[in-house]
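Report on the structure given below.
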2 protein chains.
Amino acid sequence: MINSDNAKAQMRKGVLELCILSILSQGEAYPTEIIDKLKETKLVVVEGTLYPLLTRLKNTGLLSYRWEESSSGPPRKYYFLPEIGQNYLNELQLSWIELVNAVNTTIQNTK
Amino acid sequence: MINSDNAKAQMRKGVLELCILSILSQGEAYPTEIIDKLKETKLVVVEGTLYPLLTRLKNTGLLSYRWEESSSGPPRKYYFLPEIGQNYLNELQLSWIELVNAVNTTIQNTK
DNA sequence: TATAGTACCTTGCTATACATAGTAACTAAA
DNA sequence: TTTAGTTACTATGTATAGCAAGGTACTATA
């Protein structure tokens with residue numbers, strides 16, 4: 001059987017930004033927490049993916065962060081959504097719904 | 001307002017293969033037809049994207065084609081799914097459903 | 001002091017799709 | 001004969017995402 005793992009990975013791309021912003025709209029979190037939450041829904045992400053993405057979102061103003069001391073290690077960067085990020089997230093969620101509808105229409109016609 | 005067009009485009013990537021195979025599992029079609037069907041569901045694709053993708057799928061054995069004369073232009077390449085392609089499509093559809101569930105779970109937790 | 005655990009970050013790589021532009025062949029109508 | 005329309009195909013450069021692997025730094029505890 002032909003392996004579909006790569007195609008699977010390709011489909012995951014592009015939705016990470018949406019998922020991360022969604023998680024942060026729930027409340028602030030630091031990177032390790034974000035990774036754990038994504039794991040719960042089977043969207044596995046590694047640090048090498050997450051950190052550059054967070055930095056990019058911060059540089060465009062869609063995310064902010066504050067430092068907080070930790071009693072169990074180095075200080076943590078707690079990220080949170082400013083209002084502009086929340087607005088952007090709303091747009092992304094709309095786009096996601098439209099995409100799902102478009103793909104499902106295409107798939108369902110085949111049955 | 002920050003533009004979400006790029007994020008939109010990124011989300012579309014990776015599902016194209018699924019959509020094209022789904023369309024062909026409905027019955028054979030030639031590239032221009034495929035583009036038109038994708039347009040119907042707002043998944044706009046241009047030739048420069050479609051042709052390399054069809055060639056890749058054909059080279060891995062997931063697609064086949066036959067030539068057919070046309071009364072309104074040059075002969076058309078009708079693509080269709082051999083059985084192995086159908087099996088692969090079934091895997092992709094499963095992956096798609098899993099992805100949608102994972103993302104929707106993440107989004108819905110934020111409300 | 002040394003080690004383990006936690007946390008942040010960087011660099012180099014691959015794959016995909018896009019934009020754009022071009023070639024070629026066939027049909028039909030002006 | 002020329003033009004327009006249809007169809008297939010190719011080539012090149014760009015942007016982006018995500019991954020693998022490794023490095024840096026802080027804290028607590030043995």
Side-chain angles (χ1 to χ4, degrees), chain A residues 3-21 28-39 42-60 63 65-79 92 95 99 103, chain B residues 3-21 28-38 43-60 62-63 65-79 92 95 99 102-103:
Chain A
N3 197 307
S4 65
D5 282 355
N6 181 57
K8 234 167 165 168
Q10 291 306 320
M11 287 198 290
R12 283 218 313 269
K13 292 186 183 183
V15 300
L16 254 192
E17 187 177 309
L18 165 64
C19 290
I20 289 165
L21 292 176
E28 56 180 16
Y30 64 98
T32 305
E33 255 183 321
I34 296 172
I35 288 176
D36 288 343
K37 290 196 180 188
L38 287 171
K39 265 185 199 153
K42 294 176 187 167
L43 281 167
V44 179
V45 183
V46 295
E47 293 186 334
T49 301
L50 185 62
Y51 281 99
L53 184 50
L54 289 174
T55 301
R56 180 166 62 80
L57 290 170
K58 190 213 64 181
N59 288 340
T60 53
L63 280 185
Y65 67 80
R66 63 177 183 81
W67 285 102
E68 185 171 306
E69 298 295 315
S70 164
S71 61
S72 65
R76 297 165 176 172
K77 245 185 187 174
Y78 277 87
Y79 284 88
L92 280 192
S95 299
L99 177 69
V103 174
Chain B
N3 199 307
S4 66
D5 282 355
N6 181 57
K8 230 168 166 171
Q10 292 307 321
M11 288 198 288
R12 280 216 320 266
K13 293 186 182 183
V15 300
L16 254 191
E17 187 175 311
L18 166 65
C19 289
I20 289 166
L21 292 176
E28 55 181 15
Y30 63 99
T32 305
E33 257 183 321
I34 296 173
I35 288 176
D36 288 342
K37 290 194 180 187
L38 287 171
L43 281 166
V44 179
V45 183
V46 294
E47 292 185 334
T49 302
L50 185 61
Y51 281 99
L53 184 49
L54 288 174
T55 301
R56 181 167 61 80
L57 290 170
K58 190 212 63 181
N59 288 340
T60 54
L62 297 169
L63 279 186
Y65 67 79
R66 63 176 183 80
W67 285 101
E68 186 170 306
E69 298 295 315
S70 164
S71 61
S72 65
R76 298 166 176 171
K77 247 185 187 174
Y78 278 88
Y79 284 88
L92 281 193
S95 300
L99 176 68
V103 174

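Chain letters run A, B, ... following the sequence lines, proteins first and then strands; every chain starts at 1.
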Within this structure, what is the [atom1]-to-[atom2] distance between [X] and [N], rounded to whole angstrom?
X	N	atom1	atom2	result
A:E69	D:dA28	CD	C1'	14 Å
A:E17	D:dA17	CD	C1'	10 Å
B:Y65	D:dT7	OH	P	18 Å
A:I35	C:dC9	CD1	P	12 Å
B:L50	C:dT16	CG	C1'	14 Å
B:I34	D:dT7	CD1	C1'	13 Å
A:K77	C:dT6	NZ	C1'	16 Å

Does [N] have OP1 or OP2 sitting under 4.0 Å from an N or O in the side chain of [X]?
X	N	value
A:R56	D:dT16	no
A:Y51	C:dC8	yes
A:K13	D:dC19	no
A:R76	D:dC26	no

- Of the nucleotides D:dT27, C:dC26, D:dA8, which one has an atom closest to the side chain of B:W67?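 Side chain of B:W67 sits closest to D:dA8.
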- Nearest nucleotide by nearest heavy atom, which residue falls closer to the 5' end of DNA chain C, A:Y30 or A:Q10?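 Result of the comparison: A:Y30.
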- Item | Closest-nucleotide 5' rank along DNA chain C - winner of B:L53 and B:P74 | B:L53
- Query: Taking only residues two or more places apart in sequence or in another chain, which ones pass side chain to side chain donor-acceptor pair (under 3.5 Å) with A:R12?
  - Reply: none
Which atom pairs, one a donor and one an acceptor, fall under 3.5 Å between side chains of residues 47-55 of chain B and the rest of the protein, sequence neighbours left out?
{"from": "B:T55", "atom 1": "OG1", "to": "B:Y51", "atom 2": "O", "distance (Å)": "3.0"}

- dist B:M11:CE -> A:M11:CE (nearest 0.5 Å) comes out at 15.0 Å
- Can you tell me how far the NZ atom of A:K37 sits from the CG atom of A:L43, to the nearest 0.5 Å? 14.5 Å
- Query: What nucleic acid atoms does A:P31 come within less than 4.0 Å of, heavy atoms only: base, sugar-phosphate, or nothing?
  - Reply: sugar-phosphate
- Query: Which is true for A:T49 with a 4.0 Å heavy-atom rule: it touches a base, it touches only sugar-phosphate, or it touches nothing?
  - Reply: base
- Nearest-nucleotide 5' precedence on DNA chain D, B:G48 against B:T32: B:T32
- Closest nucleotide of DNA chain D for A:S71 versus for A:E47: which of these residues is on the 5' side?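 First, find each residue's nearest nucleotide; the 5'-ward one identifies A:E47.
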